[in-house]
Amino acid sequence: MRRREFVAATAAATLALLHRGATDGAAAAGQAKIPFGAAVRDGPLQEDEAYRQALVKYCQLVVGEGGLKWVDLRPDPSTFNFHQPDRLLAFARRNGMKMRGHTLAWYAAMPDWANAITGAAEAERELTTHIETVVGRYRGEIPSWDVVNEALSDDAKASVGLRDSVWAAALGERYIDIALHTARAVDPQVQLVINDYGLEAATEKAKARRLALLDLVRRLRDRGAPLDAVGFQAHLPGDLDIDTDGVSQFVADLKSMDVDVLVTELDVIDDALPAETAERDAIVARRVQDLLAAILSVTQPSAILTWGLTDRYTWVPIWYKRNDGHPNRPLPLTDTFEPKPMMQAIQAVVGG
């Protein structure tokens, strides 16, 4: 009982501090409310009324977990299957939401025919055609795109470290420039984002990835690439502290180059956290609080999205299933759609 009281008191205190920091920062900058959203699964969107209601209640933004990835969209070189993203966009329109686009260039979720692309000419042609077609279809409807997803290798160091992909193999780093320039030409108003993971923890690896991403952004800017923002995927390891000073400095360095930030795929990997629910939920909320406070100490992110909204539908147990048999709890709502301390932490920043 004593431990529960301690956990509750700690959570309340940190929520109050985060809310005060967010309020003061927003007031000083004269900025508007931060839009909140979540990644959406197509099947449950069609079949689960409680899921739809939760999305409508909490979200101003949605992004498809799938649907716009190459493997879903391009079964063969001549076919574009827009059924999933069209359904999500229709849902968003009906409920006064906006939809983000994810993703135009990624190393993964590629159909076999695309992974067989060889040579610079073919790669540039296919990448350009894809972006022109997809961004063109949703011009004026999707205001923000993850143009390039996970460009850095897992062990990236400053100045080096592109991830292996069909695009990097054929075009080198130039594929990122091509993707950004093509998207900008098709929709001059859209926010163009590079999205990556592993930037937040207090580890040497995360520090190296931040430096590598900063170096990539500088090179892109030096070449005149139209990059608007960097997305923190923010799949936060629950057992690792957030490097609050490092994250704040990273955001400050991006802002010095006039590059915005947003949080695109927030959840907390809780497989190594204690089993007891209240204690685990408090740690999860604290990780989220620390990340958002670090960003807000410099600027207001243009959006905050979680990768899923409810523990009922999450990717986390696929890769990080707990060994003790307890269900994972990585998201703002329980599997019965009740808000958890993580949702309180988010709402302390975005309102709601």
Side-chain angles (χ1 to χ4, degrees), residues 6-38 58 60-61 195-203 206-207 209-210 213-214 229-256 259-270 273 278-307 329-332 339-352:
F6 172 78
V7 168
T10 300
T14 52
L15 279 167
L17 285 170
L18 183 64
H19 178 69
R20 185 175 66 195
T23 303
D24 292 348
Q31 293 172 319
K33 178 179 174 180
I34 303 168
F36 170 71
Y58 289 101
Q60 299 85 55
L61 296 170
N195 195 43
D196 225 312
Y197 71 91
L199 305 170
E200 306 87 8
T203 64
K207 180 180 179 180
R209 288 179 60 76
R210 290 194 300 271
L213 187 50
L214 280 173
V230 163
F232 285 85
Q233 285 190 6
H235 299 295
L236 307 177
D239 57 333
L240 297 178
D241 289 337
I242 302 298
D243 186 348
T244 54
D245 290 342
V247 168
S248 294
Q249 185 59 58
F250 176 68
V251 173
D253 289 340
L254 289 171
K255 294 299 290 184
S256 73
V259 175
D260 203 356
V261 296
L262 61 162
V263 179
T264 55
E265 304 184 21
L266 177 62
D267 51 26
V268 180
I269 312 302
D270 66 331
L273 293 182
E279 184 178 8
R280 187 163 21 134
D281 285 354
I283 295 169
V284 165
R286 179 59 182 268
R287 298 290 178 251
V288 172
Q289 292 160 7
D290 286 350
L291 173 66
L292 298 182
I295 296 171
L296 283 159
S297 71
V298 180
T299 191
Q300 191 165 351
S302 58
I304 297 170
L305 295 96
T306 49
W307 201 245
R329 296 174 63 85
L331 287 167
K340 297 188 300 186
M342 180 179 174
M343 180 59 83
Q344 294 177 280
I346 293 167
Q347 289 184 327
V349 171
V350 304

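Any value given below was found using the heavy atoms of this structure, including those in side chains, with hydrogens, waters and symmetry copies removed.
In plain terms, the two heavy atoms of A294 and S248 that are nearest each other are O-OG, 2.8 Å. Annotation for P301 and L296: closest pair CD-CD2, 4.0 Å, computed over non-hydrogen atoms. The shortest heavy-atom contact between T264 and G231 is CG2-CA, 3.9 Å. Of all the heavy atoms in I34 and V349, the pair that sits closest is CD1-CG1, 3.5 Å. The minimum heavy-atom distance between A285 and M342, with the atom names listed, is CB-N, 3.9 Å.
Side-chain contact between R329 and V284 is absent, with no heavy atoms from C-beta onward closer than 4.5 Å. Using a 4.5 Å heavy-atom threshold, the side chains of P35 and L305 count as separate. A heavy-atom distance below 4.5 Å is found between the side chains of L292 and V263. Residues Q60 and V350 have side chains not in contact (no heavy-atom distance under 4.5 Å, counting atoms from C-beta outward). By the 4.5 Å heavy-atom criterion applied to side chains, V298 and F250 are not counted as neighbours. Residues H235 and V268 form no side-chain contact, since every pair of their non-hydrogen atoms from C-beta on lies 4.5 Å or further apart.
Atom CG of L266 is separated from atom CZ of F232 by 11.5 Å, given to the nearest 0.5 angstrom. For the atom pair CZ (F36) and CD (Q347), the distance works out to 8.0 Å, reported to the nearest 0.5 Å. If you take CD1 on I295 and CD on Q300, they are separated by 11.5 Å, rounding to the nearest 0.5 Å. L262 contributes atom CG, which lies 9.5 Å from atom CG of L61 (distance to the nearest 0.5 angstrom). To the nearest 0.5 Å, the span separating CD on Q289 from CD1 on I242 amounts to 11.0 Å.
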Start with the C-alpha gap between L236 and D290, add the side-chain angles, then the distance that decides, and say whether side-chain contact (heavy atoms from CB on, under 4.5 Å) holds. CA-CA 11 Å; L236 307 177; D290 286 350; over 6 Å; no

For the pair T299 and L254, evaluate side-chain contact (heavy atoms from CB on, under 4.5 Å) and give the outcome as yes or no after the intermediate values. CA-CA 10 Å; T299 191; L254 289 171; over 6 Å; no

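Of the listed residues (K207, R210, R287), just one forms a salt bridge (Lys or Arg N to Asp or Glu O under 4.0 Å) with D243, and that residue is R210. Put simply, the residue from L213, L291, V247 that forms a side-chain contact (heavy atoms from CB on, under 4.5 Å) with L199 is L213.
Side chains of D253 and Q249: a donor on one and an acceptor on the other come within 3.5 Å.
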